[in-house]
Amino acid sequence: MIQRLLVANRGEIARRIFATCRALGVTTVAVHSDADADAPFVAEADLAVRLPGNTPAETYLRIDLVLDAARRAGADAVHPGYGFLAENADFAAAVTDAGLTWVGPPAKAIAAMGDKMAAKALLADAGVPMLPTWTEADQVTGFPVLVKAAAGGGGRGMRVVRDAAGLAEAVAGARREAAAAFGDGTVFIERYVERGRHVEVQIFGDTHGTVVALGVRDCSIQRRHQKIVEEAPGVLPPEVRERLHEAAVAAGRAVDYVGAGTVEFLLAPDGEVHFLEMNTRLQVEHPVTEAVTGWDLVRLQLLVAEGEPLPLTATPPADGHAIEVRLCAEDPAQGFRPATGTLHRFAIPGVAGEFTPTKGLRLDSGVVDGSAVSVHYDSMLAKLVAWAPTRAEAARALAGALARAELHGVATNRDLLVRVLRSREFGAAEADTSFLERHDEVFAPLLAADQLPLAALAASLAGAAGRRAAAPVLGGLPSGWRNVPAFPQVTRFAGPDGEIEVRYRLDRTGALADWSVSPAPASTGRDGSAAGGGDAVTPDVTVVEAAPDRVVLDVDGTRRAFRVHRVGSEVFVDGPDGAASLTELPRFPLPTAELAAGSLLAPLPGAVTRVHVEVGQRVAAGDLLLTLEAMKLEHPVLAPTDGVVAELPVPAGGQVDTGAVLAVVTEEDPR
């Protein structure tokens, strides 16, 4: 039996595996990079071994370092988690050759399915329908197509191409991204199906010849080809579900599969099923299967790795419905680019359990209050899963918990997830992989522009209450007391669309006499652009309560409570209609250096991988200037307007911090 397990991964998946190990009495070993030294998963492990360095290539992708860590910690088994080395056949073989128990499928099965082209050929011979597929750009016949990484998953390296002109650059970009994420830049091209649904079957095999399907998941809500909402069971006709089960089990048996795996399919609008790939690992979305089956999939992995037979031989019936969302550090105001920083508060109400099968609300998180979100790894912070007797109840509970969550310090995709869960199309189970492309409205923030003034007023009142509470003398004076009571109190904030000025005046009893906020902030679209503005609206407001961390306002006869959290000059306001992140500006700001007109700044730390233009070159708005790689993704930097490239201060390969000048585009050639 396994006594001491090393998890060759990080974040929430490491914590997930540790939770089951604790229940089974298995000692746990973490490996960690320098950037992860203070991460929660390291603190929760019984033993932890440092892998010197920060990037995945220096640490989590080093087979030699991971095996040495297992030896030093006295581990007798290795679990790869998902990502990194999880689908690396050489790693599986090396673990086995070192005399350790490998918690995963045999290296032979990983190799067979890891070569996605060979896997397609193998299963096509077994009669599984396939999409037209090519290995070289000059072989492609017809568009649109999808360029995909041959190794790994998670949407890394994927590009949709709609005409021949963009194919070469898409292939080159996909190769670079795949090489950075998986250490393998091999890509292939397949026909892209419009309005298809992405469905997948969880399978499990043991060393006694049993392969069983544990049900179908629907993972169609995707952005950048990465799943963000997953559910089980998928809403499908019974005959389609049975076909998927049969095809998935056949795929597992074709490679003598052992352990947890997922067979992914594309369900076309005409009802045809097409094999996409087989992931030879535990999936990010495995909790929804656990919720509706009641089986702990990590426990099953450990039992199978120890040679035990599976305790089930047929697909279990689904109990209720479960929906999972991936909560990611992404900035909606920057086109959902990955975000970094410190999580000052990470609190989600109503969580019934963490990391193991739970009825109700389950949280699998890689972060806690105070966690640093690093540029070195992907942007997922946590998975939140809701189980309920019906799909509608699960969606409502999940959306409500997300909307009430306090997520302070790092921008997230929370508002997008809530709007997706509350959308009519998702509620009707009609969503497909192009859902987000068709629904701009789900990219709007939950807090409407006309509600931001109330949040700013609450922030200002809480700030005044906090200063009174901390005052060493005269702290009992009413807020805003003046010899000339007509003079207002003024607080200035940096808001989502620019500066906000709050003015309010209290009468001699401490009641709010009048107030205003200007200018009225604009709403923000999916690309971060402003979508309108106007004069401030000032409803009739009475202050019911004003404390440093809580403000209650009576707005036109309806009470609204705001939770206020201040960290330095940053103020986070959570109210009944959404959340706002504000930065209080100093009353007397210091002078700062001005940037050159036309400067393009780095949205987050990263490395410039390619520079596509030269100084003095004339460019048009939208032209690609350079490519920035951060958090495992490539981010194009485009010309904001027609002009001439005046400066390129960072060469290819150069590292930059947030706010660094990447390029300057001016109207005229400076030379």
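Heavy atoms only: backbone and side chains are in, while hydrogens, waters and symmetry mates are out. Numbering starts at 1 and runs along the sequence shown.
Note on Arg195 versus Glu437: no salt bridge recorded, every NZ/NE/NH1/NH2 to OD/OE distance being 4.0 Å or above. Ion pair Lys227/Glu200 flagged as a salt bridge, since at least one NZ, NE, NH1 or NH2 atom sits closer than 4.0 Å to an Asp/Glu carboxylate oxygen. For Arg159 and Glu169, the salt-bridge test fails: no basic side-chain N is under 4.0 Å from an acidic carboxylate O. The pair Glu290-Arg362 meets the salt-bridge criterion, with a side-chain N (NZ, NE, NH1 or NH2) lying under 4.0 Å from an Asp/Glu carboxylate O. In summary, Arg419 and Glu441 do not engage in a salt bridge, as defined by a charged side-chain N under 4.0 Å from a carboxylate O. Taking the charged nitrogens against the carboxylate oxygens, Asp432 and Arg438 do have a contact shorter than 4.0 Å, which makes a salt bridge. Ion pair Asp296/Arg16 flagged as a salt bridge, since at least one NZ, NE, NH1 or NH2 atom sits closer than 4.0 Å to an Asp/Glu carboxylate oxygen.
Heavy-atom minimum distance, Ala119 versus Ala112: CB-O, 3.6 Å. Shown here for His321 and Val235, the closest heavy-atom pair between the two residues is CE1-CG2, 4.4 Å. The two residues Leu312 and Pro316 come nearest to each other via the heavy atoms CD1-CD, 3.9 Å. Closest of all the heavy-atom pairs between Val66 and Ala8 is CG1-CB, 3.9 Å.
In this structure the side chain of Glu231 reaches within 4.5 angstrom of the side chain of Phe426, judged on heavy atoms. For the pair Arg217/Val199, no side-chain contact is recorded, criterion being any heavy-atom separation below 4.5 Å from C-beta on. Side-chain contact check for Val613 versus Asp623: every heavy-atom pair is 4.5 Å or farther apart. Side chains of Pro640 and Leu600 form a contact here, defined as non-hydrogen atoms less than 4.5 Å apart. Side-chain contact between Leu51 and Arg62 is absent, with no heavy atoms from C-beta onward closer than 4.5 Å. Side-chain contact between Leu85 and Ile63 is present, with heavy atoms from C-beta onward closer than 4.5 Å. With a 4.5 Å cut-off on side-chain heavy atoms, Arg223 and Phe443 count as touching. Between Val187 and Val171 the shortest side-chain heavy-atom distance falls below 4.5 Å.
No donor-acceptor pair under 3.5 Å is formed between the side chain of Asp90 and the backbone N or O of Ala93. A distance-only check finds a donor-acceptor pair linking the side chain of Arg15 to the backbone of Ser365 [under 3.5 Å]. A side-chain donor-acceptor contact under 3.5 Å links Ser220 to the backbone of His198. Between the side chain of Glu87 and the backbone N or O of Thr280 there is at least one donor-acceptor pair closer than 3.5 Å. Under a 3.5 Å cut-off, the side chain of Asp36 and the backbone N or O of Ser33 do not form any donor-acceptor pair. Formation of a donor-acceptor pair under 3.5 Å by the Asn88 side chain with backbone atoms of Ile110 is not found in this model. Arg191 places no side-chain N or O within 3.5 Å of a backbone atom of Leu131 that could act as its donor or acceptor partner. Between the Asp206 side chain and the Leu310 main chain, a donor and an acceptor come within less than 3.5 Å of each other. At distances below 3.5 Å, not a single donor-acceptor pair connects side-chain atoms of Thr210 with backbone N or O atoms of Gly205. In terms of modelled atom types and a separation under 3.5 Å, the side chain of Trp387 and the main chain of Asp319 share a donor-acceptor contact.
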Point to revise | CA sep, side-chain torsions, deciding dist, call: Arg424, Glu430, salt bridge (charged side-chain N to carboxylate O under 4.0 Å, His left out) | key: CA-CA 9 Å; Arg424 185 213 63 80; Glu430 297 173 352; 3.0 Å; yes
Practice item. Let me see the working for Gln222 and Glu230 under side-chain hydrogen bond (donor to acceptor under 3.5 Å, both in side chains), right down to the final yes or no. Key: CA-CA 9 Å; Gln222 301 179 6; Glu230 299 110 346; over 6 Å; no
Exercise for review: Check the pair Thr315 / Leu214 against side chain to side chain contact (heavy atoms under 4.5 Å, CB included), numbers first and verdict last.
Suggested key: CA-CA 5 Å; Thr315 303; Leu214 298 186; 5.9 Å; no
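A parallel orientation is assigned to the rings of Tyr60 and Phe84, their planes being inclined by less than 30° (bins at 30° and 60°).
Side chains of Glu58 and Thr55: a donor on one and an acceptor on the other come within 3.5 Å. Side-chain contact annotation: His286 with Gln202, donor-acceptor N/O pair under 3.5 Å absent. Between the side chains of Thr627 and His612, at least one donor N or O lies within less than 3.5 Å of an accepting N or O. Side chains of Gln301 and Arg299: no donor on one and acceptor on the other come within 3.5 Å.
For Phe91 and Trp102, the ring centers sit closer than 6.0 Å to each other.
Paired with Leu638 under the rule side-chain contact (heavy atoms from CB on, under 4.5 Å), one option of Leu625, Val619, Leu624 passes, and it is Leu624. Just one of Met117, Lys120, His274 meets the side-chain contact (heavy atoms from CB on, under 4.5 Å) condition when paired with Glu190; it is Lys120.
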